[in-house]
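Given the structure is predicted, the values throughout are model-derived calculations rather than measurements. Chain naming here is simple, since letters A, B, ... match the order of the sequence lines and numbering starts at 1 in each.
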Number of protein chains: 2
Amino acid sequence: MGKKTTQLAYVQAYEYIRDRILSGELERGTKLVEERLAEEMGISRTPVRDSIRKLEQEGLIKQKRVVNPTDMDLRDLFQVRMLLEGFAASHCATYMKDEDLQKLKRCVEIGRTGELEEVMAANKEFHDLIVGATNNPVMIDIIDRMQSIIYLFRKTVVLHKRPLLIEEHDDIYQAILQHQPEEAERLMKAHLQLDLEFCLNWMKG
Amino acid sequence: MGKKTTQLAYVQAYEYIRDRILSGELERGTKLVEERLAEEMGISRTPVRDSIRKLEQEGLIKQKRVVNPTDMDLRDLFQVRMLLEGFAASHCATYMKDEDLQKLKRCVEIGRTGELEEVMAANKEFHDLIVGATNNPVMIDIIDRMQSIIYLFRKTVVLHKRPLLIEEHDDIYQAILQHQPEEAERLMKAHLQLDLEFCLNWMKG
DNA sequence: TTAAAATAAATTGTATACAAAATTGAACAA
DNA sequence: TTGTTCAATTTTGTATACAATTTATTTTAA
């Protein structure tokens with residue numbers, strides 16, 4: 001029994017467009033024309049419209065254009081991230097199960113030793129594990145929605161090898177491991193603050 | 001120049017369905033059938049589908065049914081609320097402008113003296129003012145999305161005249177007025193915790 | 001040459017028809 | 001009864017056509 005791959009056109013369309021945005025093929029600010037995309041995929045406009053609406057809700061598309069976040073947008077996004085992921089980190093320090101702690105450790109290790117793609121996946125999983133451990137679908141969902149936009153920048157961060165990123169992950173992991181909630185929260189917030197600043201700096205230059 | 005009322009069918013449909021859910025006409029768990037709604041409003045299914053998709057994203061509809069939150073759903077929602085609105089309250093204690101402070105005060109007053117509808121509106125505005133003062137559209141948007149679901153319960157809370165609600169608002173207002181960020185945050189979180197418990201209790205009984 | 005108006009083109013919004021899928025309900029066997 | 005299969009019905013998903021709107025282009029007047 002393989003992974004059930006949906007053949008619903010609007011899901012295909014959603015994934016197709018989303019991937020092209022995240023891969024950078026569709027640059028920020030690009031106007032998305034329903035008919036063009038539909039033709040491109042060999043389907044009708046109806047499911048394309050659906051998927052565009054969905055991507056609009058998620059914030060990847062704004063007014064039919066690929067989102068092009070300003071400095072301020074990023075700041076706002078990270079402010080929310082710091083609150084939620086900060087809480088999540090402190091929560092982990094008290095409640096995280098051994099199994100997940102192992103996985104967290106593994107992410108840090110891969111961060112040091114892996115190939116580019118692996119490192120990116122591991123860094124994403126590091127954050128996902130922490131947020132997921134809250135077991136709060138509302139929180140997980142909010143972070144998920146921000147994830148796409150964040151991803152565009154996380155890619156940047158890893159591609160440009162931000163210094164200390166892995167060390168920061170390790171510090172957070174240690175604080176969680178040693179059941180230090182306040183410290184874990186503080187470190188997570190500081191980590192995200194540095195990420196933000198790196199992104200902002202990179203955007204200018 | 002009057003308020004431009006959109007005549008776009010999918011916006012009308014969105015507002016129509018939303019209002020019927022929030023007013024309670026469409027009870028929790030009710031299946032929403034596109035064609036029935038379309039007929040009811042004298043439009044076609046296309047814009048109705050759009051609006052249902054939007055309401056699904058906002059969490060008011062789940063799998064074509066009016067959302068019917070469990071205890072756990074409410075807890076999860078309020079956990080996020082406490083984080084965000086707690087932060088917002090502390091932010092207000094440092095940065096809120098006099099004009100908004102006045103409005104906040106007015107909300108507390110109306111809470112004591114107004115009619116039912118006025119009180120409900122004032123209580124909503126109290127929270128909106130505090131969140132709005134963060135000036136963070138991402139945060140405002142997240143709270144907005146949760147608002148609809150919360151609204152169903154805030155209505156409950158006011159209709160059943162939860163004791164001390166207005167006093168708590170006043171306490172928060174005082175803390176903000178006197179520039180006590182930690183206290184404002186603490187009070188806001190405690191306030192929401194009590195709201196949550198009242199809702200949960202009421203759901204059972 | 002510039003700005004405004006008119007027109008043409010492109011794009012989105014809506015209705016409708018039909019196909020695919022999900023749901024219901026009846027008939028039947030254990 | 002209980003549960004299972006199959007057909008009937010309902011509901012959703014998709015394509016297509018056309019209307020309304022927005023955007024681009026050309027024309028005209030100052």
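- The nearest heavy atom of DNA chain C to A:Leu32 and to B:Pro47 marks one nucleotide each, and the one closer to the 5' end goes with A:Leu32.
- Atom C1' of nucleotide C:dG13 and atom OH of B:Tyr14 are separated by 19 Å, given to the nearest angstrom.
- For A:Lys31 and B:Arg49, each mapped to the nucleotide of DNA chain D holding its nearest heavy atom, the one lying further toward the 5' end belongs to B:Arg49.
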Walk along nucleotides 16-22 of chain C from 5' to 3' and tag each nucleotide B, S or - by protein heavy-atom contact under 4.0 Å, base first, then sugar-phosphate. BB-----
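- Here D:dG13 presents its P atom at 12 Å from CG of B:Asp50, a figure rounded to the nearest Å.
- Salt bridge present: B:Lys124 and B:Asp128 bring a charged side-chain N and a carboxylate O closer than 4.0 Å.
- With respect to A:Arg162 and A:Glu197, no salt bridge is recorded, no charged nitrogen being found less than 4.0 Å from a carboxylate O.
- A:Phe126 pairs by the ring-ring contact (aromatic ring centres under 6.0 Å, His included) definition with A:His169, not counting sequence neighbours.
- Nearest nucleotide to the side chain of A:Tyr10, out of D:dT14, D:dT11, C:dT14: D:dT14.
- Distance B:Ile43 CD1 to D:dA19 C1': 16 Å, rounded to the nearest Å.
- Rounded to a whole Å, the CD atom of A:Glu35 is 16 Å from the P atom of C:dA9.
- Remark: C1' of C:dT14 and CD of B:Glu34 are 14 Å apart, rounded to the nearest angstrom.
- Rounded to whole Å, atom P of C:dG13 lies 14 Å from atom CD of B:Gln12.
- Within the 4.0 Å cut-off from OP1 or OP2 of D:dG13, at least one side-chain nitrogen or oxygen of B:Arg53 is found.
- A:Leu37 places its CG atom 11 Å from the P atom of C:dT11, with the value rounded to the nearest Å.
- Applying the 6.0 Å contact sphere to CD of B:Glu109 captures more than 12 heavy atoms from other residues, nucleotides or ligands.
- For the pair B:Arg75 and B:Phe78, the NZ or CZ position fails the cation-pi test of under 6.0 Å to the six-membered ring centre and within 45 degrees of the ring normal.
- Rounded to whole Å, the distance from CD1 on B:Ile52 to P on D:dT11 is 12 Å.
- Salt-bridge annotation for A:Glu15 and A:Arg20: absent, with no side-chain N of the basic residue lying under 4.0 Å from a carboxylate O of the acidic one.
- Not counting sequence neighbours, A:Tyr16 has no partner by the ring-ring contact (aromatic ring centres under 6.0 Å, His included) test.
- A sub-4.0 Å separation between OP1 or OP2 of C:dA10 and a side-chain N or O of A:Lys64 is absent.
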